[in-house]
Every structure is written in C-alpha cells, then in structure tokens.
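Order of the sequence lines sets the chain letters (A, B, ...), proteins ahead of strands, with each chain counted from 1. Keep in mind that the numbers below use all heavy atoms, side chains included, and drop hydrogens, waters and symmetry copies.
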There are 2 protein chains.
Amino acid sequence: MFSVPTKTQYGIRALVHLARIDAASPGAPSESEASAGIAKAEGIPSRYLEGILAQLKAAGLVLSERGKHGGYRLAKPASEMRMIEIVEALEGEVKPVGCLDDSGVCAQGDCCLPRIFWVGLKEAIDGYLGSRTLRDVIEG
Amino acid sequence: MFSVPTKTQYGIRALVHLARIDAASPGAPSESEASAGIAKAEGIPSRYLEGILAQLKAAGLVLSERGKHGGYRLAKPASEMRMIEIVEALEGEVKPVGCLDDSGVCAQGDCCLPRIFWVGLKEAIDGYLGSRTLRDVIEG
DNA sequence: GTATATTCCTATTAAAACGATAGGAATACC
DNA sequence: GGTATTCCTATCGTTTTAATAGGAATATAC
C-alpha cells in the first residue's frame with residue numbers, strides 16, 4: 001500500500017545527488033551535472049531520468065543549461081527545498097480520494113463519512129512531507 | 001499521489017455500513033446483512049464487493065453466515081477496529097519503497113539516504129491509520 | 001425434498017497506469 | 001564544423017486495477 005512510483009524515487013535520488021555536489025563545496029556557485037552522469041552514478045535509466053529532470057525544471061526546482069558543459073543544478077539551497085514540493089512536482093497533489101473537497105456531494109450511501117477520514121490522512125502525509133527538506137534527507 | 005484503490009474505499013464503506021447497523025440498535029446482538037444489500041445501499045458493484053468482504057473475513061474483521069438469511073457482520077465493535085487493520089487486510093502493509101528494512105543493502109548511489117525519509121513517511125501514515133477506529137469514522 | 005437465497009471459489013477480461021525506450025530537433029561550447 | 005548536451009513527442013510492453021462471469025457449497029423455508 002502507498003508505494004511510491006519509481007519516477008519519484010528516481011527524482012529524489014537525482015536531487016540528493018545534486019544537493020551533495022553543492023554540499024561538497026559550500027559557498028561556491030553550484031556546478032551543473034549532466035543528466036547522463038547523474039543517471040550513471042545513481043543507477044537510473046538515462047533517457048528516463050531526462051524526462052524526470054524536465055518535470056523538476058518545469059516546477060522550478062532545478063535549473064538547466066544546454067549545450068556542451070550543460071547540465072542541471074538545484075534552483076535553490078537544499079535547506080529550502082521541501083520534500084512536498086518535489087513529490088507534488090512529479091506526481092501531483094496528495095489526494096487519497098477524488099472527492100476530497102466535495103463535501104456532501106457524493107450521491108451514494110456512506111461515501112461522505114469516510115471522506116473526512118481521508119482528508120485527515122492527506123493532512124498527515126502533507127504534514128510530514130512539508131516538514132522535511134532535501135537537506136534533512138541528505139543528512140539522514 | 002497516494003490515491004487509495006477503490007477496493008479499499010469500497011471495503012471501508014461496507015464496514016461503515018455494517019457499523020451503522022450496529023450503532024442503530026446498541027446492545028442488541030448484531031444482525032447480518034447480505035453482500036448484495038450492502039452493495040446496493042452503497043452503490044458498489046455487487047460481485048466485486050463479494051470478493052472484498054471475503055478478504056475482510058479472511059483477516060478476521062467480519063463474520064459471515066451462508067444460506068438464506070445469511071450475510072456479514074462486524075467481528076468486533078467498531079471502536080476496537082483500527083483503520084490500519086482494514087487497510088492492511090485489503091492492500092497489505094504500508095510500504096512506500098521496497099527496501100524499507102534493508103539498511104545499507106542497496107548497491108546504487110544515494111539510494112539509502114532517502115530510505116530513512118521513506119521510513120519516516122511510513123511511520124507518519126501508520127501513526128494516523130493506527131490512531132483512528134471505525135467508530136471515529138462513522139462519528140465524523 | 002425442492003426451491004431459494006446466500007456465501008464461496010476460480011477464471012477471465014477490459015482499461016488504465018507505470019516504466020521505459022526511441023528518434024531526432026534545438027542549443028551551446030570548442 | 002564537430003560534439004555534448006537539453007528538449008520535445010511518440011511509442012511500447014508489462015503490470016496493476018476494476019470489474020465480470022460461471023457455478024459450487026450451504027443453509028433456510030415451505
């Protein structure tokens with residue numbers, strides 16, 4: 001139950017990888033690393049990772065540079081990147097059930113009683129994901 | 001992200017239905033209701049619900065009686081039925097990633113740093129699901 | 001003891017999501 | 001011009017999900 005798609009696992013590992021590069025030389029302007037390099041280091045299918053990084057870029061979490069010596073780097077410090085931003089960028093909002101916001105709308109039976117329960121679950125998950133940053137993750 | 005399969009949503013609604021029957025006549029020995037009746041009341045595909053109730057019975061959450069006037073009823077009071085039992089009966093343990101217990105085993109790159117993060121997520125979810133009972137759900 | 005209403009068991013199917021691959025265009029450096 | 005990279009779009013195979021189907025076993029009612 002609640003297994004996390006590889007896309008998100010890969011995305012987080014890629015960001016961890018980039019964050020550790022930054023952590024290795026503090027203060028210095030962060031250096032780009034190519035998608036293929038990250039993929040190789042992390043054991044992620046290279047072409048697949050390209051698409052994942054594109055999604056992270058669209059969400060404003062990484063910056064990219066094209067051409068030779070291009071690559072990706074974090075768009076902000078790891079300490080300011082909340083895990084919920086990453087998860088939402090890759091998989092969308094945490095949404096246990098479809099009718100999360102439609103109070104009293106469901107036509108059928110006792111559908112709307114569990115709804116409140118699911119809202120609580122979303123809050124528990126969002127609470128955890130919102131309280132952790134990428135920095136917390138690389139520091140274990 | 002983290003959408004709950006219809007199987008689990010249906011299962012919970014069926015249990016809510018049974019719990020409300022019990023709640024309607026407190027103290028009395030609980031009455032069985034047939035799968036088809038629950039299905040109709042809750043707008044759940046009837047044959048599909050049969051399989052779900054079979055799973056809940058295998059997990060010891062409901063009791064069944066066959067033959068005419070048969071049906072299902074809760075195996076224990078709603079106040080003693082934790083939501084995590086229900087979820088685990090239908091979908092298995094909460095397990096964000098496969099390597100949850102394999103500390104330091106992953107061969108690849110930074111795989112094991114996020115692992116701790118995923119363990120925390122599991123604990124957050126389990127904590128919520130373990131703190132709520134079926135009774136909490138029917139009381140909103 | 002026959003009809004009926006139910007649970008129970010096993011298979012099958014249709015559709016969606018997931019995980020990954022592929023070809024090639026655009027861009028930037030040397 | 002050559003090369004290394006991001007970027008864009010399409011496709012494909014597998015697995016999971018959601019549901020359906022047929023019928024066997026069992027208990028009650030008359």
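By the side chain to side chain donor-acceptor pair (under 3.5 Å) test, R73(B) is found to be paired with E65(B), residues two or more places apart in sequence or in another chain being considered. With sequence neighbours excluded, the residues that form a side chain to side chain donor-acceptor pair (under 3.5 Å) with K57(B) are S64(B). Applying the side chain to side chain donor-acceptor pair (under 3.5 Å) rule to S30(B) yields no partners; only residues at least two apart in sequence or on another chain are considered. Under the rule for a salt bridge (Lys or Arg N to Asp or Glu O under 4.0 Å), R82(A) has no partner lying at least two apart in sequence or in another chain. In terms of the salt bridge (Lys or Arg N to Asp or Glu O under 4.0 Å) criterion, E80(B) has no residue partners (sequence neighbours excluded). Legend: residues meeting salt bridge (Lys or Arg N to Asp or Glu O under 4.0 Å) with K122(B), ordered by chain and number and at least two apart, are E93(B), D126(B). With sequence neighbours excluded, no residue satisfies salt bridge (Lys or Arg N to Asp or Glu O under 4.0 Å) with E91(A).
Between Y48(A) and Y10(A), the ring planes lie perpendicular to each other; the angle is over 60°, past the 30° to 60° tilted range.
For CD of E139(B), the number of neighbouring non-hydrogen atoms (other residues, nucleotides, ligands) closer than 6.0 Å is greater than 12.
At the heavy-atom level, E50(A) lies under 4.0 Å from base atoms of the strands shown. G71(B) comes within contact range of the sugar-phosphate backbone alone, with a heavy-atom separation under 4.0 Å but no base atom that close.
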Fill in the blank from the handout: Letter by letter from the 5' end, nucleotides 12-17 of chain C scores (B base, S sugar-phosphate only, - none; protein heavy atoms under 4.0 Å) ------
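Side chain R66(A) to base dA28(C): no donor-acceptor pair is found below 3.5 Å.
Less than 4.0 Å separates DNA chain C from no heavy atom of any residue of residues 90-97 of chain B. Remark: nothing in residues 31-38 of chain A comes within less than 4.0 Å of DNA chain C through any heavy atom.
Taking the charged nitrogens against the carboxylate oxygens, E33(A) and K40(A) have no contact shorter than 4.0 Å, which rules out a salt bridge.
In this structure a side-chain-to-backbone donor-acceptor pair under 3.5 Å is present from T133(A) to D136(A).
As a whole-Å value, the separation of M1(B) CE from dC18(C) C1' is 13 Å. Taking atom NZ on K68(A) and atom C1' on dT27(C), their separation rounds to 14 Å, with Å as the unit. In this entry the distance linking CD of E42(A) with C1' of dA20(C) reads 18 Å, nearest Å. For K40(B) and dT6(C), the NZ to C1' distance is 16 Å, given to the nearest whole Å. Going from atom CD of Q9(A) over to atom P of dG19(C) covers 8 Å, rounded to whole Å.
Pairs engaging residues 66-90 of chain A under the ring-ring contact (aromatic ring centres under 6.0 Å, His included) rule: none recorded [sequence neighbours left out].
Checking the phosphate oxygens (OP1, OP2) of dT6(C), no side-chain nitrogen or oxygen of Y72(B) falls inside 4.0 Å.
Taking 4.0 Å as the cutoff to heavy atoms of chain A, we find the contact window on DNA chain D bounded by dA4(D) to dC7(D).
Nearest-nucleotide mapping onto DNA chain C: of G67(A) and R47(A), the residue sitting toward the 5' end is R47(A).
Contact annotation: the side chain of C99(B) approaches that of R115(B) to within less than 4.5 Å [non-hydrogen atoms, C-beta and beyond]. Considering only heavy atoms from C-beta on, F117(B) stays 4.5 Å or farther from V16(A) through its side chain.
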